Structures are given as C-alpha cells and as structure tokens.
Amino acid sequence: MKKTVIVLLMILSLSACSNEQENIVFPTDKSTALKPIMQKQDSIYGYKSVINEEDILVAISINRFDRFNKTKIEEKITKQIEKQFPEKKVLVTGDQKIMWEVNTIIEKKLKEKELKKSIEKIKLLSKEET
Amino acid sequence: MDQQQFQKIIDDKNPKVPYFMNILKAFIVGGIICTIGQLITFFYMRFFPFTEGTASNPTVATLVFIAMLLTGTGLYKKIAQFGGAGSAVPVTGFGNAVISAAIEHKSEGYVLGVGGNMFKLAGSVILFGVLSAFVVALIKTILVNLGVVSW
C-alpha cells in the first residue's frame with residue numbers, strides 16, 4: 001500500500017517536471033515575422049501557431065498568475081500581430097482546447113484545403129458561448 | 001453566579017473544537033472534489049467540442065448528477081461528516097441540499113411535497129446569488145460609466 005502511494009507520487013512529480021512547452025509555427029517557412037513578436041512577450045511561456053493565406057491562429061500558454069489578465073494579454077498580442085500582418089485575420093487565445101486543436105493540425109501536417117477547413121472550425125469554436 | 005461566570009464554566013466543560021483539523025479536512029475534501037471537477041472539464045474539452053469557457057456548464061451538471069447519486073445512496077452524508085465545509089462549498093453541496101430536501105418530502109406527494117420543498121434550503125442560495133450578482137453588476141456598470149475601469 002505504502003509502496004504504491006510512493007510510486008504514484010513519484011510518477012506525478014516526474015510527469016509534472018517534463019511538461020515543457022515548445023514554440024512552434026506551422027508551416028515553418030512563414031514563421032520569420034511572427035517569432036520576434038512572440039519572443040518579447042514575458043507573460044507567456046509557450047505558443048503554437050498556424051498560418052495560412054487568410055488567417056493566423058496563435059494558441060498561447062499564459063503564465064499561471066498572469067491568467068487573471070487573460071483577455072488583456074490576448075488583446076495586446078492580437079494588436080501587435082495585426083500591426084505586423086495587416087491583411088490577415090488574427091486570433092490569439094489562451095484556451096487549452098484551441099491549443100490542443102492547433103496541436104493536432106501541426107501533428108497531422110495538414111495541406112491547404114484541409115488546413116483551411118480546420119482553421120474555420122477552430123474559429124467557430126472560439127466564438128461559441130453556450 | 002452571573003452570566004460571565006456561567007459562560008466560563010460552560011467553556012471549560014465543553015470539548016475543544018479541533019479547528020486546525022477541521023480546516024485541514026475541509027481543504028483536502030474540497031480540493032479532491034475540485035480536482036474531480038477539473039478532470040471532468042478536461043474530459044469534456046478533450047472528447048467534445050467545448051472550450052475552456054464553455055466546458056464549465058456540463059461540468060457543473062455532471063457534478064450535481066454525481067452528488068445526486070451519492071446523496072441517494074447515503075454516501076454524501078459520510079463525506080460531509082468528514083469534510084465539513086469542504087463538501088458544502090463546492091457545487092456538490094448545493095446539489096446535496098436540493099436533493100436531500102426532495103427525498104425528505106417525497107412522502108407528502110410529488111407536487112406539494114417534492115415540488116414545494118425542493119428549494120427549501122437551496123432557495124436562499126439562488127436568491128442571494130442572483131441578488132449579489134445584480135449588486136456587483138450594478139457597481140461595475142457605474143464604475144465603467146465613470147471611466148474608472150473597463151469591461
């Protein structure tokens with residue numbers, strides 16, 4: 001009994017440590033203009049982004065205590081990206097669900113048509129209020 | 001013997017309330033309930049199209065449903081005896097208050113018994129919840145109109 005508890009605690013503490021966030025922009029060749037903007041944000045510890053012809057989706061991981069200002073941080077980063085890419089629609093969100101969805105896009109390496117479809121799906125999802 | 005002396009004797013005779021242990025138990029039980037709630041939130045976000053903002057609604061419904069099962073089988077009573085406020089403050093405590101009143105008055109019939117007494121305890125929670133939400137919204141509206149804070 002005691003041994004199992006110790007093993008469980010060890011698994012918990014170890015898995016918590018290995019949860020490092022990586023910064024990815026998909027597709028990689030379009031990342032040059034976005035990277036410097038994201039790097040100077042000090043209230044986030046990671047981001048995953050998807051770019052196509054019309055849209056930019058950025059899912060950010062906000063620091064634990066900065067989550068109280070979630071909407072303000074999202075607005076701030078959105079404005080900075082919109083300045084850099086005036087012709088594109090920008091969606092910046094700290095939502096975990098969107099982060100997972102962006103991650104599946106990156107893992108599946110979707111091509112243009114499917115990419116557009118899933119980006120539309122994510123945008124609809126982020127507008128959902130019920 | 002005046003009032004104060006009498007009170008002193010009562011205080012000496014009464015068993016001491018284990019405040020620290022009660023707080024610790026409430027912390028642990030409340031924490032476990034909230035962890036379960038967070039897991040349910042993640043479940044809804046992973047397997048259904050809910051976002052962080054919208055997943056809270058089905059989570060609350062699920063927790064109240066679980067509280068209903070536990071209240072009906074008498075398990076929630078045991079949890080509440082151990083956890084105290086830790087089991088009363090989360091939404092499961094609200095569910096327990098509604099459902100235990102419904103079970104208690106079932107013998108008086110469904111309309112006047114269950115329907116009339118279901119919100120006996122939880123009614124005040126709803127009333128003052130709505131009232132305080134109204135007052136807070138009023139204060140915030142005034143502050144926004146004065147330009148002190150923004151939405």
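Below, read A as the first sequence line, B as the second, and so on, with proteins coming before strands; counting in each chain starts at 1. No experiment lies behind these values; they were computed from the predicted model shown.
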Next on the checklist: Which atoms of Lys127(A) are under 4.5 Å from chain B, going by heavy atoms: the side chain, the backbone, both sets, or neither?
Outcome noted: neither
Next on the checklist: If hydrophobic clusters are built by linking Ile, Leu, Val, Met, Phe, Trp and Tyr wherever their side-chain heavy atoms come under 4.5 Å apart, do Ile126(B) and Val98(B) end up in the same one?
Outcome noted: yes
Checklist entry - In terms of hydrophobic clustering (I, L, V, M, F, W, Y; side-chain heavy atoms under 4.5 Å; direct or indirect links), are Leu125(A) and Ile105(A) co-clustered? => result no
Next on the checklist: If you count heavy atoms of other groups shown closer than 6.0 angstrom to CD of Gln4(B), is the number above 12?
Outcome noted: no
Checklist entry - Any chain of hydrophobic side-chain contacts (each under 4.5 Å) joining Val130(B) to Leu121(B)? => result no
Next on the checklist: Looking at Leu112(B), I want to see if its CG is surrounded by more than 12 non-hydrogen atoms of other residues, nucleotides or ligands under 6.0 Å.
Outcome noted: no
Checklist entry - What about Ile99(B) and Leu63(B), same hydrophobic cluster or not, with Ile/Leu/Val/Met/Phe/Trp/Tyr joined at side-chain heavy-atom distances under 4.5 Å? => result no
Item to check | Minimum heavy-atom distance Glu52(B)-Lys70(A), with the two atoms named | outcome: OE1-NZ, 3.8 Å
Checklist entry - Do you know which two heavy atoms are closest between Asp95(A) and Thr51(B), and how far apart they sit? => result OD2-CB, 3.4 Å
Checklist entry - Does Leu131(B) belong to the same Ile/Leu/Val/Met/Phe/Trp/Tyr cluster as Phe119(B), with side-chain heavy atoms less than 4.5 Å apart forming each link? => result no
Item to check | Any residue of residues 31-49 of chain B which, by heavy atoms, sits under 4.5 Å from chain A | outcome: Phe42(B), Met45(B), Arg46(B), Phe48(B), Pro49(B)
